[in-house]
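As structure tokens, the structure follows; a few thoughts come after it.
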Amino acid sequence: MAVAQAHTVCNLSVSVKQNSYLLPWVQHVRIAVPVSSCSAFPGAHSELQLIKESRNFRLGARNACNLSASCSHLQQQQQRRSRGEAMVARASEVAVETGTLSLGLDVKETGLDHSRVQLKVQVPSSVCKDCYEQVLREFSKQAKVSLLPIPGFRSGKDVPESVLIDHVGADQIRSSAVEAVLKRTLPEAMSSVAGRSLKDSEHILTKFSDLVDDFVPEKSLSYELAVDVAPEVRWNPENGYKNLKVKVECEANEAEAARKAADAELQSRLKDLGSLQAISGRGMEMGDVAIIDVSATRLNEDGTAGDEIFSCKQKGFQLDTDGGGSFLPGFVEALVGIQIGETRTFDLTFPETWEQESLRGLQARFTVEGKELFTRQIPELSDELAPQLVANCTNIPEVKEVLLKKHAEQVERVKKQATRFAVANALTRVVDVEIPNSLLEEQGRQMYAAKLIELQASMKLPRDQLVALSSAEMVQNYLDAQRSRISDSVKQSLAVAEIYKQENLKISDEELDMEVNSAIEEFKRYDQEYDDARVREQARELLEGSKVLDWLTEHADITFVPKQLS
């Protein structure tokens, strides 16, 4: 529920989701489960496990983001069929299939901003004439076998060219011929940027209608296209990634932090062994457990109630007043004294550090009804309870030792994670690269898709809401609002890839096989489909990125400073 969030030693589990663009593989998350729900102790995850949990939403996320696009594509196909344009497409494809290998194009290249190249292509008249004639032959063949019926001409009879043109339409034939010219010439036109161009980034700048208007079979045809190319990664200063200066916030006293966390867990486990006793005749006090129904609405500027906040709605929510700092500040305090059957309404503001990003800074009006009230009977700590508190322990000192060791290791892992995240963020400040728009859009769509899948996993959105959130407008709004963040993501991805190459880092076949097998096991555990080649590609990206982070951490100038209390 939105009024509660997991309380951990460190907010790294949140940071993974909010900063999951740190490496090129992180948006390929394969487990559609929120990071914070994977364990009772999110901060205790290994660095590798946190990466794995934040990288492979892509398989499911791609479907979420493409729902609207798929529907639109199907509609366009149906419209083409109804207009008879499928025949035009077939005619142009035949013209391409029978084309020659060397076309004699004149291609001039001009560099543009943002790692983009403009190509001006001059198509010789011989190519235009050949495409036009082959399109005519294809239409004629279709007419001859009655796939394109022409009144007055029986199946098997040749149709005069003038009659065919009148029936199909001169504009339609020119349009099909231009389409054939583009399909045939684009591969050769793009050959000048072969090895540099980014997949699916080419875009014809010249309007298609202008090309159709200008098309004459006996004359040459010109068009312009732009394509994104792999950007050059530069370092400022030169080789700046080799000695990053990083400050990392960590516990001022790691031993004390581990002890406090161990004591808190021991108390929590002891409390779980207790029993609840129903009470009546008084209101809720601190230490009680209450069963409540909760709802909330957004507050308008004039103080009136606005739209409902669905993530805050909960019936039969168990409110443990000893839940520590995991609840919305002021929520528990506002309910002290509430009676069974009583309804209270109060206003609260979500803090800017709240885990659910969409609620940060939001003013909300809560309505809470008390349903049941219990007091907790906690047993006295004794050696007899040791096996129930921690398996295989026979006395309380053993229990405390096990828990202390666990949290000492957790504090160390959190410190390591914080260091790696700080190093990755510092990398952004020393890399200088012109990011192609196609890379920004692709990464932004993956990040948005991952957020949708995470939202779906936590809130179980109905399909119509998921489709609405997947609309082109919603995706574009996200791309515009998060452009700076997406840019940092792409920068880090490009920088990591460059460092892996420059420093000649390697991963072994054994490491790759282990990661692939681990990924496949997870897919099978969650009954998800997967593609072997894609899984192997993602595993390689994961390991390469991890190698780079290890190398950067080893060579960085790291200063540890006490964590600031919030």
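Worth saying up front: this structure is predicted, and the values here are computed from it rather than measured. All values below come from the heavy atoms of this structure, side chains included, with hydrogens, waters and symmetry mates left out.
Residues forming a salt bridge (Lys or Arg N to Asp or Glu O under 4.0 Å) with Asp272 (at least two apart in sequence, or on another chain): none. Qualifying side-chain hydrogen bond (donor to acceptor under 3.5 Å, both in side chains) partners for Lys242, counting only residues two or more places apart in sequence or in other chains: none. Listed by chain and number, the residues in a side-chain hydrogen bond (donor to acceptor under 3.5 Å, both in side chains) with Ser295 amount to none (sequence neighbours excluded). Residues satisfying the salt bridge (Lys or Arg N to Asp or Glu O under 4.0 Å) test with Glu441, not counting sequence neighbours, are Arg445. Residues passing the ring-ring contact (aromatic ring centres under 6.0 Å, His included) test with His555, sequence neighbours excluded: Trp551. Residues satisfying the side-chain hydrogen bond (donor to acceptor under 3.5 Å, both in side chains) test with Thr428, not counting sequence neighbours, are Gln492. Glu308 meets the side-chain hydrogen bond (donor to acceptor under 3.5 Å, both in side chains) test with no other residue; sequence neighbours excluded. Shown here are the salt bridge (Lys or Arg N to Asp or Glu O under 4.0 Å) partners of Lys245, two or more places apart in sequence or in another chain: Asp557.
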For a salt bridge (Lys or Arg N to Asp or Glu O under 4.0 Å) check, start with the C-alpha distance between Glu401 and Lys405, then their side-chain angles and the critical distance, and finish with the verdict. CA-CA 6 Å; Glu401 182 181 356; Lys405 180 181 178 181; over 6 Å; no

Tell me, with the steps shown, if Asp513 and Arg536 meet side chain to side chain contact (heavy atoms under 4.5 Å, CB included). CA-CA 8 Å; Asp513 290 339; Arg536 197 166 191 85; 2.8 Å; yes

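Screening residues 229-241 for salt bridge (charged side-chain N to carboxylate O under 4.0 Å, His left out), with sequence neighbours left out, gives Glu232-Arg234, Arg234-Asp432. Pairs passing the side chain to side chain donor-acceptor pair (under 3.5 Å) check and including a residue from residues 387-396, sequence neighbours excluded, read Thr394-Glu398. Among residue pairs with one or both ends in residues 464-483, those qualifying as ring pair (Phe, Tyr, Trp, His ring centres under 6.0 Å) are Tyr448-Tyr478; sequence neighbours excluded. Residue pairs satisfying the salt bridge (charged side-chain N to carboxylate O under 4.0 Å, His left out) criterion with at least one member in residues 489-500, sequence neighbours excluded, are listed as follows: Glu498-Lys501.
To the nearest 0.5 angstrom, Lys506 atom NZ is 11.5 Å from Lys547 atom NZ.
A side-chain donor-acceptor contact under 3.5 Å links Thr553 to the backbone of Leu549.
Leu439 places none of its side-chain heavy atoms less than 4.5 Å from the side chain of Asp228.
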